[in-house]
*Asks:* 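Here's a structure for you.
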2 protein chains.
Amino acid sequence: MREQKLGTHDCIQLVPIFKQLTAIELQQVSAIVHEHVYEKGATLFNAGDEADQLTIIAAGQAKVYQLAANGREQLLYLLQSGDFDGEAALFNPVARTSYAEALVPTQVCSIQRSDFQALLAKAQQLALGILNEFGKRISQLEGKATSVTTSSIGGRLADYLVETAASFPAQTMFTLPLQKKEIAVYLGTTPETISRKLNEFQTAGWLKKGRGNQIAILDADQLVLQE
Amino acid sequence: MREQKLGTHDCIQLVPIFKQLTAIELQQVSAIVHEHVYEKGATLFNAGDEADQLTIIAAGQAKVYQLAANGREQLLYLLQSGDFDGEAALFNPVARTSYAEALVPTQVCSIQRSDFQALLAKAQQLALGILNEFGKRISQLEGKATSVTTSSIGGRLADYLVETAASFPAQTMFTLPLQKKEIAVYLGTTPETISRKLNEFQTAGWLKKGRGNQIAILDADQLVLQE
DNA sequence: TTATACGCTTGATCCAAATCAAGTTTACTT
DNA sequence: AAGTAAACTTGATTTGGATCAAGCGTATAA
């Protein structure tokens, strides 16, 4: 797992849009990075704030929520070290519709829009690298939008589990990084349904539940196929 | 309705990422545009193809489908003149998961990734403009992703109707550009449900059904609010 | 260790929408 | 204009998942 503390350089290189920078460019970006540590439970940013910075998690964990029209909160992302949020804010000053909360003491690196725009005007290659990364992001989001209408809750849960398990050795027990309630909200369902589906999956022999929030995926292929 | 044929310059300016180009930049982009005419029923691109170009509909109509895991086809977009598809492909070579078919003789403008990347390397300002547009797109898509899980079929149908009606004068009868079956697939539901929902909406006095596939929106506000 | 709260599970019920099954209308063909 | 096929509507039934309501486990704090 990603739990160690990251230095400024490491931070930057973990952000896909900065991944392919040369040493010189990396230096340029480093120069405009700010570092900050948040306590557990602290708010990294709030809905309604003007979004004007990119936030990179150097160490710790944070959750990003969006408030839906019906007043419900929808979990958008779980950020871990190396994850980041708000890269769109580097290009457009928009009001945030989401807010983020630190789950544990969390250190972040941030970059201000004004600093970044000034840098972009100088660094040609940087802009190109970022464009390419944005292309990827858009494709991903488009894909996600369709999958929601096509597949069932069971299917979406299976996808989520397999995806999450990918960072652990195959067939071993691991602790789900989110509570059932949060997984539920993330997948657009309820904790009760998550509970029942996990039982179904266990009965089918596709996974094994442990104590706490632990599970082991036994047959990822069958799980995803739901057969 | 948008039915007239569009020139190369007009085409380009309709694509959001090119909207704010200067005359010089517009000229540069125009230089790498290809034009092509497809017969009714012709395939613009196929699932499995390498996506390597941006396609802009200059005149005509085309449907874009995606094949879901269960083998069903999901209508993604109905493209009309000025609409476009595949701008993400300008930045990353990915395999297409969707395919498009011309409904009527259709003229398209297209831009190849290789040409576009070469242009980007030369035109500094162009890259910055596109970056800003991408920032917006990502925000939009994130919003859409949440709305799908939160709102009901009725709500999504209402949104679709009002959006579609936007290109017609208020309160007048117009023909829906898609069959019920297709609207259903597009919204992730069934023709029967569309039929029933339209009746409900009519009973509520929010719209009026005519013969064929005609409807008139009477109260768009109430319709969207579903109250 | 015991208290207390929070999260998880399980059961019972309810509801929106899918599915199945005829009919009916509309549009296309000759 | 008649015949045919496709699209649409309507009704009956089923179902996946939400909601409501307890009860059960597990973790943090006194």
Side-chain angles (χ1 to χ4, degrees), chain A residues 40-41 63 68 70-75 78 101 103-104 147-161 173 175-204 207-215 226-227, chain B residues 40-41 63 68 70-75 103-104 148-161 173-204 207-215 226-227:
Chain A
K40 174 178 173 176
K63 283 189 272 190
N70 55 14
R72 289 214 180 162
E73 47 183 29
Q74 163 85 25
L75 183 66
L78 173 71
E101 185 195 315
L103 292 181
V104 295
S147 90
V148 175
T149 54
T150 46
S151 54
S152 66
I153 297 291
R156 277 185 270 163
L157 176 58
D159 286 343
Y160 170 79
L161 291 175
M173 277 286 175
T175 304
L176 290 170
L178 291 176
Q179 298 179 292
K180 299 265 157 63
K181 192 170 79 177
E182 296 178 309
I183 298 174
V185 165
Y186 181 67
L187 299 176
T189 179
T190 59
E192 293 94 326
T193 298
I194 298 288
S195 208
R196 291 183 234 267
K197 290 291 171 195
L198 284 180
N199 281 342
E200 285 177 33
F201 292 168
Q202 180 166 244
T203 304
L207 57 78
K208 195 162 154 25
K209 297 200 295 177
R211 1 183 33 262
N213 249 1
Q214 302 206 317
I215 66 160
Q226 302 269 317
E227 279 166 5
Chain B
K40 173 177 173 176
K63 282 192 266 192
N70 55 15
R72 290 210 179 167
E73 48 183 29
Q74 162 87 23
L75 183 66
L103 292 180
V104 295
V148 175
T149 52
T150 47
S151 57
S152 65
I153 298 290
R156 277 185 270 163
L157 175 58
D159 286 343
Y160 170 79
L161 292 175
M173 276 288 176
F174 66 94
T175 304
L176 290 170
L178 292 176
Q179 297 180 317
K180 298 264 157 63
K181 192 170 79 177
E182 294 178 310
I183 298 175
V185 165
Y186 181 66
L187 298 176
T189 180
T190 60
E192 293 94 325
T193 298
I194 298 286
S195 207
R196 291 182 235 267
K197 289 290 170 194
L198 284 180
N199 281 342
E200 285 177 33
F201 292 168
Q202 180 166 245
T203 305
L207 58 75
K208 196 162 151 29
K209 297 197 298 176
R211 8 184 25 266
N213 249 1
Q214 301 207 318
I215 66 160
Q226 301 269 321
E227 280 167 3

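Just so we're on the same page: letters track the sequence lines, and every chain starts at 1.
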*Asks:* Decide yes or no for B:Q214 and B:K209: does some side-chain heavy atom of the first lie under 4.5 Å from some side-chain heavy atom of the second?
*Replies:* no

*Asks:* Quantified as the angle between the terminal helix axes (five pairs each), what is the overall bend of the helix from C:dT1-D:dA30 to C:dT30-D:dA1 to 10 degrees?
*Replies:* 40°

*Asks:* Can you check the B:K180 NZ to C:dA27 P distance for me, whole Å?
*Replies:* 11 Å

*Asks:* Can you check the B:Q214 CD to C:dT26 P distance for me, whole Å?
*Replies:* 12 Å

*Asks:* Return the value, rounded to whole Å, for the distance between atom CG of B:L187 and atom C1' of C:dA18.
*Replies:* 15 Å

*Asks:* Rounded to whole Å, how long is the line connecting atom CG of B:L198 with atom P of D:dA7?
*Replies:* 17 Å

*Asks:* How many Å lie between CZ on A:R156 and C1' on D:dG16, as a whole number?
*Replies:* 12 Å

*Asks:* Find the distance between NZ (B:K180) and CG (B:N213) and round it off to the nearest 0.5 Å.
*Replies:* 4.5 Å

*Asks:* Check this one for me: any side-chain N or O of A:N199 less than 4.0 Å away from OP1 or OP2 of C:dT10?
*Replies:* yes

*Asks:* Could you state the atom-to-atom distance from CD1 of A:I215 to P of C:dC8 in whole Å?
*Replies:* 13 Å

*Asks:* As a test of reading the structure: which of D:dG17, C:dG7, C:dA18 is closest to the side chain of A:T193, going by heavy atoms?
*Replies:* D:dG17

*Asks:* Locate the shortest heavy-atom distance separating B:K208 from B:M173; write the atom from each residue and the value.
*Replies:* O-CE, 3.8 Å

*Asks:* According to a strict under-4.0 Å criterion, is A:N213 in side-chain N/O contact with OP1 or OP2 of C:dC8?
*Replies:* yes

*Asks:* Nearest whole Å is fine: how far is C:dC15 P from B:E200 CD?
*Replies:* 15 Å

*Asks:* To the side chain of A:I153, which of D:dG17, D:dA7, C:dA17 is closest?
*Replies:* D:dG17

*Asks:* So if I take every side-chain heavy atom of A:E192 and compare against D:dA21, D:dA18, D:dT10, which nucleotide ends up nearest?
*Replies:* D:dA21

*Asks:* Within this structure, what is the CD1-to-P distance between B:I194 and D:dA7, rounded to whole angstrom?
*Replies:* 15 Å

*Asks:* Could you check A:R211 against A:G154 and say which one's nearest nucleotide on DNA chain D is further toward the 5' end?
*Replies:* A:G154

*Asks:* Can you find a pair of side-chain heavy atoms, one from B:L157 and one from B:I183, that are under 4.5 Å apart?
*Replies:* yes

*Asks:* With respect to the side chain of A:K209, which nucleotide from C:dA18, D:dT10, C:dT9 is positioned closest?
*Replies:* C:dT9

*Asks:* Looking only at side-chain atoms of B:K197, point me to the closest of C:dA17, D:dT19, C:dT9.
*Replies:* C:dA17

*Asks:* Under 4.0 Å from OP1 or OP2 of D:dT19: is there any side-chain N or O of A:T190 that close?
*Replies:* no

*Asks:* So does B:P191 get a backbone contact from the side chain of B:S195, meaning a donor-acceptor N/O pair under 3.5 Å?
*Replies:* no

*Asks:* Is there side-chain contact between A:I215 and A:F201, with heavy atoms separated by less than 4.5 Å?
*Replies:* no

*Asks:* Name the closest nucleotide to the A:K181 side chain, picking from C:dG7, D:dT26, C:dA17.
*Replies:* C:dG7

*Asks:* Report yes if some heavy atom in the side chain of A:T189 is under 4.5 Å from a heavy atom in the side chain of A:I194; otherwise report no.
*Replies:* yes

*Asks:* Is B:R196 side chain donor-acceptor paired with the D:dG11 base, going by distance under 3.5 Å alone?
*Replies:* yes

